[in-house]
Amino acid sequence: MKLPKDILTIPQLSRQNIERILSDAFRFKEYKGAPKARDQVLEGKSIALIFEKNSLRTRVAFETAISALGGHPIFLAGDNILYRAKSDTSRESIGDITQNLDRLAHGIAARVNNHKSLTDIAGYSKNPVINLLCNEHHPTQALADLMTIQWHKGKTTGLKVAFIGDGNNVATSLMDICAVMGMDFSIGSPAGYEIPRKFQDIARSIAAQSNSKLEFTNDPKKAAAGADVIYTDTFVSMGNEAESKKRTGDFKAYQVNAETMKCAKDDAIFMHCLPAHRGDEVAAEVIDSKQSVVFDQAECRLHIAKSLLYLLYK
Ligand code: CP
Ligand code: NVA
């Protein structure tokens with residue numbers, strides 16, 4: 001089984017790819033400490049980590065995973081390499097940055113504003129490129145989400161996943177992974193904040209093969225009805241800060257609270273990619289309840305990072 005050279009979106013991965021990523025991730029979870037000698041696939045290698053936006057979980061997961069597999073992570077703040085301070089003028093083109101990194105390092109993982117930056121990087125790079133979040137997708141998050149579902153539900157099929165809120169990068173990648181794996185996915189978002197039509201269409205065509213049911217509604221209770229997993233994310237993603245006030249109003253009826261959880265199955269779990277904002281997209285009574293698995297989900301980010309890197313470099 002070979003993974004694609006670059007991991008930029010979930011639809012690039014087959015069901016077999018994803019099952020293998022999950023199986024190695026559970027293997028790494030069992031080790032608890034350092035992986036075995038045969039897992040040191042990054043020995044003598046360095047991976048450049050470009051961050052145009054802030055991060056806690058993704059940065060720590062990938063830096064730790066690279067070190068655990070014997071490699072050396074190199075953190076590069078986006079504005080140090082891409083832009084001159086206080087100016088929009090490019091310091092250096094993406095093509096030149098990538099061709100330099102291809103000589104100096106052995107792979108690139110990047111969190112960028114625009115997805116196009118990633119496809120540009122991937123086009124220039126001979127080494128693997130991993131999407132660590134962009135405006136449209138968050139594939140390594142979706143893989144960790146699937147692992148968390150397997151951990152808590154013991155399966156990844158025959159389940160309904162409900163996303164309540166913004167049809168954003170996290171929602172899109174979650175929809176995609178449900179479609180690939182044959183899980184039902186329902187999203188309740190306010191009008192104007194739906195998952196973009198072009199991504200719905202891609203997921204619909206994948207779902208037709210896997211027998212996953214996809215539902216797009218503006219009614220959060222309808223989306224949550226009978227769900228095994230209730231998921232939400234911030235109403236104001238990085239880059240949307242100027243719309244904060246408007247979004248707070250538009251998303252008022254979309255908070256996940258005890259009422260929402262009542263619509264789901266009694267044994268439903270609550271998930272959130274984090275960072276969370278108690279009192280906005282989720283009530284404290286839910287995220288701090290026994291149904292919440294958000295910190296297991298955060299832990300899975302590390303196991304998935306190790307698994308992905310292992311499979312790309314083994
Ligand atoms: N969930 C997630 O990607 O967290 P960070 O933004 O902190 O990396
Ligand atoms: N949708 C959020 C996810 C953060 C992990 C954002 O893009 O800011």
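Read the numbers this way: they start at 1 and go in the same order the structure lists the ligands and their atoms. Start at 1 with the first residue, then count along the sequence. Not measured: the values here are computed from a predicted model.
- Under the 4.0 Å criterion applied to side-chain N and carboxylate O atoms, Glu299 and Lys29 are not assigned as salt-bridge partners.
- Between Ser237 and ligand 2, a contact under 3.5 Å exists for at least one N or O pair.
- Atoms of ligand 1 found under 4.0 Å from any heavy atom of Leu56 (numbered from 1 in listed order, with element): 5 (P), 7 (O), 8 (O).
- Atom 6 (O) of ligand 1 has as its closest protein heavy atom Arg111 NH1, 2.8 Å.
- Which of Glu136, Lys53, Met238 comes nearest to atom 8 (O) of ligand 2 through a heavy atom is settled by distance: it is Met238.
- The shortest N or O to N or O distance between Met238 and ligand 1 is not below 3.5 Å.
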Requested in this report: Could you walk me through whether Arg301 and Thr58 pass side-chain hydrogen bond (donor to acceptor under 3.5 Å, both in side chains), step by step?
Outcome: CA-CA 7 Å; Arg301 300 297 311 278; Thr58 310; 3.1 Å; yes
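- For Leu274, a nitrogen or oxygen atom sits less than 3.5 Å from a nitrogen or oxygen atom of ligand 1, counting backbone and side chain alike.
- Geometrically, ligand 2 and Asn169 share a nitrogen or oxygen pair separated by less than 3.5 Å.
- Close N/O approach between Val170 and ligand 2 is not found [any backbone or side-chain N/O within under 3.5 Å].
- A salt bridge is defined here as a Lys NZ or Arg NE, NH1 or NH2 lying under 4.0 Å from an Asp or Glu carboxylate O, and Arg27 with Asp39 meets this definition.
- Ion pairing of Glu243 with Lys246 is absent here, as no side-chain N (NZ or NE/NH1/NH2) approaches a carboxylate O to less than 4.0 Å.
- Of all atoms in ligand 2, numbered sequentially from 1 with element shown, those under 4.0 Å from a heavy atom of Asn168 are 1 (N).
- Near Arg301, with a cut-off below 4.0 Å to any heavy atom, the atoms of ligand 1 are 1 (N), 2 (C), 3 (O).
- At least one N or O atom of Asp233, backbone or side chain, sits closer than 3.5 Å to an N or O atom of ligand 2.
- Note on Asp228 versus Lys160: no salt bridge recorded, every NZ/NE/NH1/NH2 to OD/OE distance being 4.0 Å or above.
- When all heavy atoms are compared, the tightest approach of His137 to Leu8 is CB-O, 4.2 Å.
- With ligand atoms numbered from 1 in the order given, ligand 1 contributes 1 (N) to contacts under 4.0 Å with heavy atoms of Cys273.
- Ion pair Asp24/Lys306 not flagged as a salt bridge, since none of the NZ, NE, NH1 or NH2 atoms sits closer than 4.0 Å to an Asp/Glu carboxylate oxygen.
- Salt bridge status for Lys198 with Glu136: present, with a side-chain N to carboxylate O gap under 4.0 Å.
- The option with the heavy atom closest to atom 3 (O) of ligand 1, from among Lys53, Arg57, His138, Arg59, is His138.
- Remark: Arg247 engages Asp166 in a salt bridge, criterion side-chain N to carboxylate O under 4.0 Å.
- Among all non-hydrogen protein atoms, the one lying nearest atom 4 (C) of ligand 2 is Leu133 CD1, 3.9 Å.
- Atom CD of Gln150 is separated from atom CG of Leu159 by 9.5 Å, given to the nearest 0.5 angstrom.
- Counting atoms of ligand 2 from 1 in the listed order, those under 4.0 Å from a heavy atom of Leu274 are 5 (C).
- Ligand 1 has no N or O atom lying under 3.5 Å from any N or O atom of Leu133, backbone or side chain.
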